[in-house]
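Input: a single structure, listed below in structure tokens.
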Amino acid sequence: MPVVNKELGKIFSDMSHIYQYKNGKQRFRAIAYEKASRVINDLQDDITTFTKKGQLEEIPGVGSSIAEKINEYVKTGKIKKFESLKKTVPIDMLELMNISGFGPQSLKRIHQRLKINNRDEVIKALQDGRISEIKGFGKKKVDNMLRSLKLHKTVEERMLLWNAIEAGNKVLDEFKKMKEVRQAELAGSLRRKKETIGDIDILVTCDEKSRKKIITKFVALPLVKEVLAKGDTKASVIINEFNKQVDVRIINPDEWGSALLYFTGSKEHNVQLRTIARDKGYKISEYGLFDIKTGKRIAGGTEEEIYNKLGFESIPPEMREQKGELDLAAKNKIPSLVTLTDIKGDMQMHSTWSDGTMDIEDLARFVSGHYPYEYIVLTDHSKSEIIAGGMNEEQFIDQVKEIRRVNTKLKKDFIKTGTEVDIKADGSLDLKDELLEQLDWVCASIHTGFTHDNTERIIAACENKFVNCIGHPSGRLIGQREAYPVNWEKVFRVAKQTNTAFEINCQADRMDLNDELAIMARENGVKLTISTDSHQQSQFAFMQLGVFIARRAWCTKNDILNTASWNEIKKFAERKRKK
DNA sequence: GCCGTTTTCGGCCCGACTGTTTTCAGTCG
């Protein structure tokens, strides 16, 4: 994330906290700052590209007042209003507001009674019993505050989508095993397939009388580490796996659609939908769609029913991020998103010839036995990748012979020849064109210089007529390594001109391109590939992760190259070579 | 503070759980 965006996001989040703390009547102002903070944090481009063009107010949630503050910050490095606000509250204490149980009103009372000014003092006062002497702070509340303080660190770290899918399914299976349960489904950001997941949401239906029994069974499961809350219709627990929070909601079977809609989010999508419903004289809650005047329930059994009653076509969960999907749905223009079954082959993987764990024949037999693919492309590393056992030109020639041998043995032209060739610091490749020309598919990737601006390097690679695709283009590793700076608009323009595809790499910690960049690529007319970059058997299953990214980027089958037959892909490569 | 195919003013989604209360505020998702 661009540094300025991060700084501004933090400032606006702080301002939101300050307004919540100061005065309940400023609630909506606080919400506005909160929203601005989130939007700016999610922004792909550096905010200064907006300030330069005077387009700040085109960002949703940014109006004239916040735009002015952004300009002030970009120009002077400060926001006067924020500086003066900071002096009126114990700002160091408000850091705690991100922790559950530490709301503005509680912190305010603690500050006023104990004259405490920072988070460490609050923690100390909690532990030595001073806070439990304040009216309204009983033993349970203090215990809860101490507990969530302890949990805060581990729970705040988000988990990778892949891990969340595995953990979520484990819990989901437990519900499906209970005979009282009618339906159970993963909801929340997990259902929308965000690249990282905060907590796991599960929705369950049953007869009303079975609710208590289900909750009781659930909180007693061995996989539950700690119970945070439980009532008649919901429960929150921490599970052993990844130390993550799981929220369960139980509803009646005829509320399935409205509850799923509500529990899937995103929050922004729901708020927009509810606002529209309200304008039309309806009210949406997790219990259904209601006519405000008569109080009559209009819909709620399925999500589709609710969308339709409000004049929308149904919207896939991956699109529910308030990015204009409701406008499209109103015009019946929701794209037909790519699905896993559309994928006809895997475009990047490694064998024992470089750093993979399977030899070519085992690999081919495994994939053709477990996946319905028409082709796979073997893309072992080139010589610069010494640690990964990268190969030189002669070794690639030998490998081509081996691939032919295996294909003959399998009696089909299943394995395509290829490489993941290194893009060197100067933008040149570390394999000779004479070799690249002989391969079916060339993917070029950056493996060094992660802190530099790599725009020109990627462009240079695109301009080589034997390069068909750029691999893991942004170089980020989720939670470990930031993406290197790149002028993406420029890069995607060149990609389009040169007929170079860009990869959506499915490795669980890469997910690269991410959804935002995939949107930008698609809008620029750049073709995408979805590939697992598998190094071992289990990783071929990552393909679904890439499909999820593509769906979040509103991609159809036509945007994804490897939904096509190999003949089509060959034509794509040939067009570039002829240019 | 943001926002607008009924509004440039007057709205701003909706309900459950907890704890400490005698009817509700605070917090959360």
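Predicted model, so just to flag it, every value in this text is computed and none were measured. First the proteins, then the strands, lettered A, B, ... as listed; each starts at 1.
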Inset, instruction - Please assess A:His269 against A:Glu321 for the test side chain to side chain donor-acceptor pair (under 3.5 Å), listing each intermediate value before the final yes or no. - result: CA-CA 6 Å; A:His269 177 87; A:Glu321 298 289 350; over 6 Å; no
Inset, instruction - Considering only NZ, NE, NH1 and NH2 on the basic side and carboxylate oxygens on the acidic side, decide whether A:Lys124 and A:Asp128 come within less than 4.0 Å. - result: no
Inset, instruction - Figure out the CZ/P separation between A:Arg274 and B:dC3, and round it to whole Å. - result: 21 Å
Inset, instruction - Mind checking A:Lys139 for me? I need base, sugar-phosphate or nothing, with any heavy atom below 4.0 Å counting as a touch. - result: sugar-phosphate
Inset, instruction - Assess whether one donor atom and one acceptor atom, taken from the side chain of A:Tyr262 and the base of B:dG29, lie less than 3.5 Å apart. - result: yes
Inset, instruction - Classify the ring geometry between A:Phe12 and A:Tyr33 as parallel (under 30°), tilted (30 to 60°) or perpendicular (over 60°). - result: tilted
Legend entry - B:dC13 to B:dC28 separation - C1' atoms, rounded to the nearest Å: 14 Å
Inset, instruction - Write down the distance between NZ (A:Lys140) and P (B:dC17), rounded to a whole number of angstrom. - result: 15 Å
Inset, instruction - Tell me what A:Ser236 touches on the nucleic acid: a base, only sugar-phosphate, or nothing, going by heavy atoms under 4.0 Å. - result: nothing
Legend entry - A:Phe28 over B:dC12, stacked by centroid distance under 5.5 Å, angle under 30°: yes
Inset, instruction - Please give the nucleotide sitting opposite B:dG19 as a Watson-Crick or G-U wobble pair, both distances under 3.5 Å, or none. - result: B:dC24
Legend entry - Whole-angstrom distance between B:dT21 and B:dT27, as gauged at atom P: 15 Å
Legend entry - Enclosure of A:Lys309 NZ (heavy-atom neighbours >12, cutoff 6.0 Å): no
Inset, instruction - Identify which nucleotide among B:dG11, B:dG26, B:dG1 has an atom closest to any side-chain atom of A:Ser106, counting heavy atoms from C-beta outward. - result: B:dG26
Inset, instruction - Classify the nucleic acid contact of A:Gly188 as base, sugar-phosphate or nothing, counting any heavy atom under 4.0 Å across all strands shown. - result: nothing
Legend entry - Given DNA chain B, 5'-ward residue of the pair A:Gly136 and A:Asp247, judged by closest heavy atom: A:Gly136
Legend entry - Residue A:Lys69, side-chain heavy atoms: nucleotide from B:dC14, B:dA16, B:dG1 that is nearest: B:dG1
Inset, instruction - Measure from the side chain of A:Thr233, starting at C-beta and using heavy atoms only, and say which of B:dC14, B:dC2, B:dA16 lies closest. - result: B:dA16
Inset, instruction - Please determine if A:Lys225 and A:Glu241 form a salt bridge, counting it only when a charged side-chain N lies under 4.0 Å from a carboxylate O. - result: no
Inset, instruction - Quickly work out the A:Leu228 CG to B:dG29 C1' distance and round it to whole Å. - result: 13 Å
Inset, instruction - Figure out the NZ/C1' separation between A:Lys267 and B:dC12, and round it to whole Å. - result: 13 Å
Legend entry - Any side-chain heavy-atom pair of A:Ile202 and A:Asp247 under 4.5 Å: no
Inset, instruction - Return the value, rounded to whole Å, for the distance between atom CD1 of A:Ile134 and atom P of B:dT21. - result: 13 Å
Inset, instruction - Have a look at A:Ile99 and say if it touches a base, only the backbone sugar-phosphate, or nothing, with a 4.0 Å heavy-atom cut-off. - result: sugar-phosphate
Inset, instruction - Using a 4.0 Å heavy-atom cut-off across all strands, classify A:Leu273 as base, sugar-phosphate, or nothing. - result: nothing
Inset, instruction - Decide if atom NZ of A:Lys230 counts as having more than 12 heavy atoms of other residues, nucleotides or ligands within a radius under 6.0 Å. - result: no
Legend entry - Whole-angstrom distance between B:dA16 and B:dT5, as gauged at atom P: 32 Å
Inset, instruction - Between B:dA16, B:dC14, B:dG26, spot the one nearest the side chain of A:Lys283, thanks. - result: B:dC14
Legend entry - Integer angstrom distance from the C1' of B:dT8 to that of B:dC2: 12 Å
Inset, instruction - Tell me which of A:Glu286 and A:Asn144 sits closer to the 5' end of DNA chain B, going by the nucleotide each one is nearest to. - result: A:Glu286
Legend entry - A:Thr275 side chain, from C-beta outward: closest of B:dT20, B:dG1, B:dC13: B:dC13
Inset, instruction - Specify the separation, in whole Å, of atom NE2 of A:His269 and atom P of B:dC14. - result: 15 Å
Inset, instruction - When you get a sec, tell me which of B:dT27, B:dG1, B:dG11 is the closest nucleotide to the side chain of A:Gln105? - result: B:dT27
Inset, instruction - Provide, to the nearest angstrom, the distance between the CG atom belonging to A:Leu56 and the C1' atom belonging to B:dG1. - result: 15 Å
Inset, instruction - Answer with base, sugar-phosphate or nothing: what part of the nucleic acid does A:Asn270 contact at a heavy-atom distance below 4.0 Å? - result: nothing
Inset, instruction - Give one of base, sugar-phosphate or nothing for A:Lys81, where a contact means two heavy atoms less than 4.0 Å apart. - result: nothing
Legend entry - Spacing of the C1' atoms in B:dT7 and B:dC12 (rounded, Å): 13 Å
Legend entry - Interatomic distance where CZ belongs to A:Arg27 and C1' belongs to B:dC28 [whole Å]: 14 Å
